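Structure record follows, encoded as structure tokens.
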Amino acid sequence: MQLQFPDGAKRDYETGITARAVAEGISPSLAKRAALARIDGHLRDLDRPIEGDARIEFLMRDDPAVLDTIRHDTSHVMAEAVQELFPGTQVTIGPAIEDGFYYDFARETPFSLEDLPKIEQRMREIVDRDEKITREVWDRNEAIKHFEAIGEAYKAEIITDLPESETITVYRQGNWKDLCLGPHLPSTKMVGKAFKLTKLAGAYWRGDHRNAQLQRIYGTAWATQADLDAYLLRLEEAEKRDHRKLGRSMDLFHMQEEGRGMVFWHPKGWQLWRTLEAYMRRRLDAAGYVEVKTPQVLDRSFWEKSGHWEKYRPNMFVCETEEGEVLSLKPMNCPGHVQIFDYGQRSYRELPLRMAEFGACHRYEPSGSLHGLMRVRGFTQDDAHIFCREDQIVEETARFVELTRMIHKDLGMETAYVNLATRPEIRAGSDEFWDKAEGMLGEAARLAGVKPVIAEGDGAFYAPKLDFIVKDAIGREWTCGTLQLDYVLPERLGAEYVAEDGSKQRPVMLHRAILGSFERFIGIMIENYAGAFPLWLAPTQVVVATITSDAESYGQRAVETLRAAGLRVEGDFRNEKINYKVREHSVAKVPVIAVVGRKEAETGQVALRRLGSDGQQIVSLEEAARILGAESLPPDLRENT
RNA sequence: GCCGCUUUAGCUCAGCUGGUAGAGCACCUCAUUCGUAAUGAGGGGGUCACAGGUUCGAGUCCUGUAAGCGGCACCA
């Protein structure tokens, strides 16, 4: 057989030769340094026989493509360590994940945090033992028998559930064995010691809460210690951006026990909200939306009609009056919007009707899912429903994709990609319906210049949807924005319009949101900007800080002048050193500090200091008002000037 | 909801093997008028999450509850 090397050279080899043997034929040091082979684009163990003509490439340990294998192997080293230290613990699965790995164990007594250093220590010993890692192909039934015999019920179950055609491979690592697909590094030595066990968690077997709960140990692993250190530093940095910390230190909002998942917005946080809401309102007005407001609490019979009582009840805040009337806080705005659509007669001439609401919703979310502003029980959606004809879906969707990308960009985030969530296993509607629906959303995205990423099976049970994923400043991804097709609710609630031929027709609804919820989006913005908002969003835009009390009356004038220019300005005339004031307002992330002393008071100037820079810009007060006034314009208002 | 961890002053945290609470920042008062990231001195402030229990004695040990944190599940 013939192998082709990356430089294009081709050489003949005996069929079934291993990659390692090929490497040794080239140079012993290559064979020693190689971590994995890439055969026709697939990562393979070095000792795996090559069965026919192929392209071959050797990957060294520092190759980025090897990192996942290092992580996967580290999880195996951990599993070996755990089984040595805690006999009777069963292994289940242990994959590489982003930045690290985990392994799920079945064990009566849970692990404690104190166990982690012991496990790490044993892992280092296993690395030092330089255990050879070898691949073996086993007979299916023998493998099941073997794993059952040694008490590894989960492994036996995995094999039982594998399709008959699957090759059963077992990796031997010293005296330890694990059922695994591979590939793996040649020995535990090559796994290295740039790892750290990070957290303990419960996790359900096969991700299903009806199954047994396993003990998961998470870790991180890297090719080098330097990479590990850099990662740990990155975690620390991310922690500093945590919106819950910044929310407290910047006095934006708080939450308390009596209102789990409910937000108390403080004046500065609410200012941020108002700025965002005003911006969104202008963008929606310009995009041809009409805004409405629907009731917060509606009778049970209403939710029965909409279908929520049956399907969504556990998540609803239900209340009862003295007279026994049962009502619910709205968990969604859509049924309310359909009421407005249904009120009176609609004509095809009114379509597409884009009905928006900053709708405050309440959902009883499971206690364990609450997380700062990101997952709350009371939230306000930037919701809208587009009522349209079927032939308008593509155009409306395309317009929405464009609007969403523009708004995300204005708010400091790029739409990283758009998911097209397709038909789930359990679904309503025919295959023809799904073909058509998925086709329309995909076409619309492409019309708007976006190639959607297919999220197989992630759609709602009655229709597909588009999800917009944005990336923040430190590379984290957030799902913000969604568009969901809906033929069902208009049907349920009897939405109709009169068509050109006088017949009654049913509109299609597009549920759509750009921010998702204000709470969550503001949380994301806080983390994205690390609290240092651009001028137009900052709650306090300028602080006028005096150097001595001599400058106070001039400082007061400066505050008034800047306020007259539309800026949110505060004066700091306290008897404190300018160093102290500069530090305090910098820590509070105020974008501009306008310093005024005796000199400025005499010349009618201000010394502007921008957050993050220690330079000064000395301009006349009027000039400062002009510059900052222009700079503080929201992006949508700036475009027109 | 499930698993693990945590809960001490407004915030961040210290309090060893049980002997009755401490720091920094913040806050208040006084002095200081000082040109770009912390001026000095003084002062006030805690039912140690809550409820039981063990003990002569509990912030410290045990049990339960609640909330927070990290995951899992959930997010039609």
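Per chain, numbering begins at 1; letters A, B, ... match sequence-line order. Bear in mind that the values here come from a model prediction, so they are computed numbers and not experimental data.
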### Query
Is any side-chain nitrogen or oxygen of A/Arg520 closer than 4.0 Å to OP1 or OP2 of B/C75?
no
### Message
For the P atoms, the ones on B/G57 and on B/C13, what distance do you get once it is rounded to whole angstrom?
### Response
34 Å
#### Entry: Base-pairing mate for B/A26 - Watson-Crick or G-U, with both contacts under 3.5 Å
none
### Query
If you check the A/Lys199 side chain, which of B/C72, B/G71, B/C34 turns out closest?
B/G71
### Task
Ignoring hydrogens and angles, answer whether the base of B/A37 and the side-chain atoms of A/Arg609 contain a donor-acceptor pair closer than 3.5 Å.
yes
For residues 477-484 of chain A, run the donor-acceptor check on the side chains, cut-off 3.5 Å, and write out each pair with its distance to 0.1 Å, sequence neighbours left out.
unit_1: A/Glu477; atom_1: OE1; unit_2: A/Tyr417; atom_2: OH; d: 2.8
unit_1: A/Trp478; atom_1: NE1; unit_2: A/Asp472; atom_2: OD2; d: 3.1
unit_1: A/Thr482; atom_1: OG1; unit_2: A/Leu466; atom_2: O; d: 3.3
unit_1: A/Thr482; atom_1: OG1; unit_2: A/Asp467; atom_2: OD1; d: 3.0
unit_1: A/Gln484; atom_1: NE2; unit_2: A/Tyr462; atom_2: OH; d: 3.0

### Query
What's the closest nucleotide to the A/Gln215 side chain, out of B/C3, B/A73, B/G70?
B/C3
For residues 255-270 of chain A, please give each side-chain donor-acceptor pair under 3.5 Å, one per line with the distance, not counting sequence neighbours.
unit_1: A/Gln256; atom_1: OE1; unit_2: A/His254; atom_2: NE2; d: 2.8
unit_1: A/His266; atom_1: ND1; unit_2: A/Asp251; atom_2: OD1; d: 2.7
unit_1: A/His266; atom_1: NE2; unit_2: A/His254; atom_2: ND1; d: 2.7

### Query
Hey, is the side chain of A/Gln616 pairing donor to acceptor with the base of B/G35 inside 3.5 Å?
no
### Message
Under 4.0 Å, heavy atoms only, any strand: does A/Lys581 hit a base, just the sugar-phosphate, or nothing?
### Response
nothing
Detail all sub-3.5 Å separations between protein N/O atoms and N/O atoms belonging to nucleotides 6-16 of chain B.
unit_1: B/U12; atom_1: OP1; unit_2: A/Arg248; atom_2: NH2; d: 2.9

### Query
Which base, if any, makes a Watson-Crick or G-U wobble pair with B/A14, both distances under 3.5 Å?
none
### Message
Using side-chain heavy atoms (C-beta onward) and a distance below 4.5 Å, is A/Glu152 in contact with A/Ile158?
### Response
no
### Message
Which nucleotide wins on minimum distance to the side chain of A/Ile547, given the candidates B/U39, B/G35, B/C5?
### Response
B/G35
### Residues that A/Ser549 engages under side-chain hydrogen bond (donor to acceptor under 3.5 Å, both in side chains), provided they are two or more places apart
none
## Note on the structure
Residues passing the salt bridge (charged side-chain N to carboxylate O under 4.0 Å, His left out) test with A/Lys245, sequence neighbours excluded, are A/Glu239
Check: protein-nucleotides 42-47 of chain B nitrogen or oxygen pairs below 3.5 Å:
none

### Query
For B/U36, does OP1 or OP2 lie under 4.0 Å from any side-chain N or O of A/Arg583?
no
### Closest to side chain of A/Arg598, choosing from B/U39, B/C74, B/G35
B/G35
#### Entry: Note, A/Trp205 side chain near A/Thr92 side chain (heavy atom, < 4.5 Å)
yes
### Task
Could you work out the separation of B/U60 and B/U8 based on their P atoms and round it to a whole Å?
13 Å
## Note on the structure
Among the nucleotides B/G4, B/U36, B/U39, whichever has the atom closest to the side chain of A/Tyr580 is B/U39
Could you list the donor-acceptor pairs under 3.5 angstrom formed by side chains in residues 541-548 of chain A, with sequence neighbours left out?
unit_1: A/Gln541; atom_1: OE1; unit_2: A/Arg568; atom_2: N; d: 2.8
unit_1: A/Gln541; atom_1: NE2; unit_2: A/Leu535; atom_2: O; d: 2.9
unit_1: A/Thr546; atom_1: OG1; unit_2: A/Asp572; atom_2: O; d: 3.3
unit_1: A/Thr546; atom_1: OG1; unit_2: A/Lys581; atom_2: NZ; d: 3.2
unit_1: A/Thr548; atom_1: OG1; unit_2: A/Asp550; atom_2: N; d: 3.4

#### Entry: A/Thr548 side-chain proximity, nearest of B/U36, B/U33, B/G4
B/U33
### Query
Taking only residues two or more places apart in sequence, or in another chain, which ones meet A/His308 in a ring pair (Phe, Tyr, Trp, His ring centres under 6.0 Å)?
A/Trp303
### Query
Are any non-hydrogen side-chain atoms of A/His72 and A/Phe101 less than 4.5 angstrom apart?
no
### Query
What about A/Arg375: does its side chain form a donor-acceptor pair under 3.5 Å with the base of B/C74?
yes
### Query
Is any side-chain N or O of A/Arg244 closer than 4.0 Å to OP1 or OP2 of B/C69?
yes
### Task
Could you tell me which residues satisfy ring pair (Phe, Tyr, Trp, His ring centres under 6.0 Å) with A/Tyr218, sequence neighbours excluded, listed by chain and number?
A/Tyr102
### Query
A/Arg583: what forms a side-chain contact (heavy atoms from CB on, under 4.5 Å) with it, not counting sequence neighbours?
A/Val587
## Note on the structure
Testing B/U36, B/C75, B/G70 for proximity to the side chain of A/Ala201, the answer is B/G70
### Query
Does B/C72 pair with anything, Watson-Crick or G-U wobble, both distances under 3.5 Å, and if so, with which nucleotide?
B/G1
### Query
Is a donor-acceptor pair below 3.5 Å formed from side chain A/Tyr204 to base B/G1, judging by atom type as modelled?
yes
Which atoms of nucleotides 61-63 of chain B (N or O only) lie under 3.5 Å from a protein N or O atom, and what are those distances?
none

### N/O (side chain, A/Asn579) to phosphate O (OP1/OP2, B/U36) under 4.0 Å
no
### Message
Counting only Watson-Crick pairs (N1-N3 plus N6-O4 or O6-N4) and G-U wobbles (N1-O2, O6-N3), all under 3.5 Å, who is the partner of B/U6?
### Response
B/A67
### From B/U39, B/A73, B/G70, nucleotide with atom closest to A/Lys577 side chain
B/U39
### Task
State whether A/Tyr102 places a side-chain N or O below 4.0 Å from either non-bridging phosphate oxygen (OP1 or OP2) of B/G70.
no
### Residues that A/Arg241 engages under salt bridge (charged side-chain N to carboxylate O under 4.0 Å, His left out), provided they are two or more places apart
none
### Query
Is the ring centre of A/Phe86 less than 6.0 Å from the ring centre of A/Phe105?
no
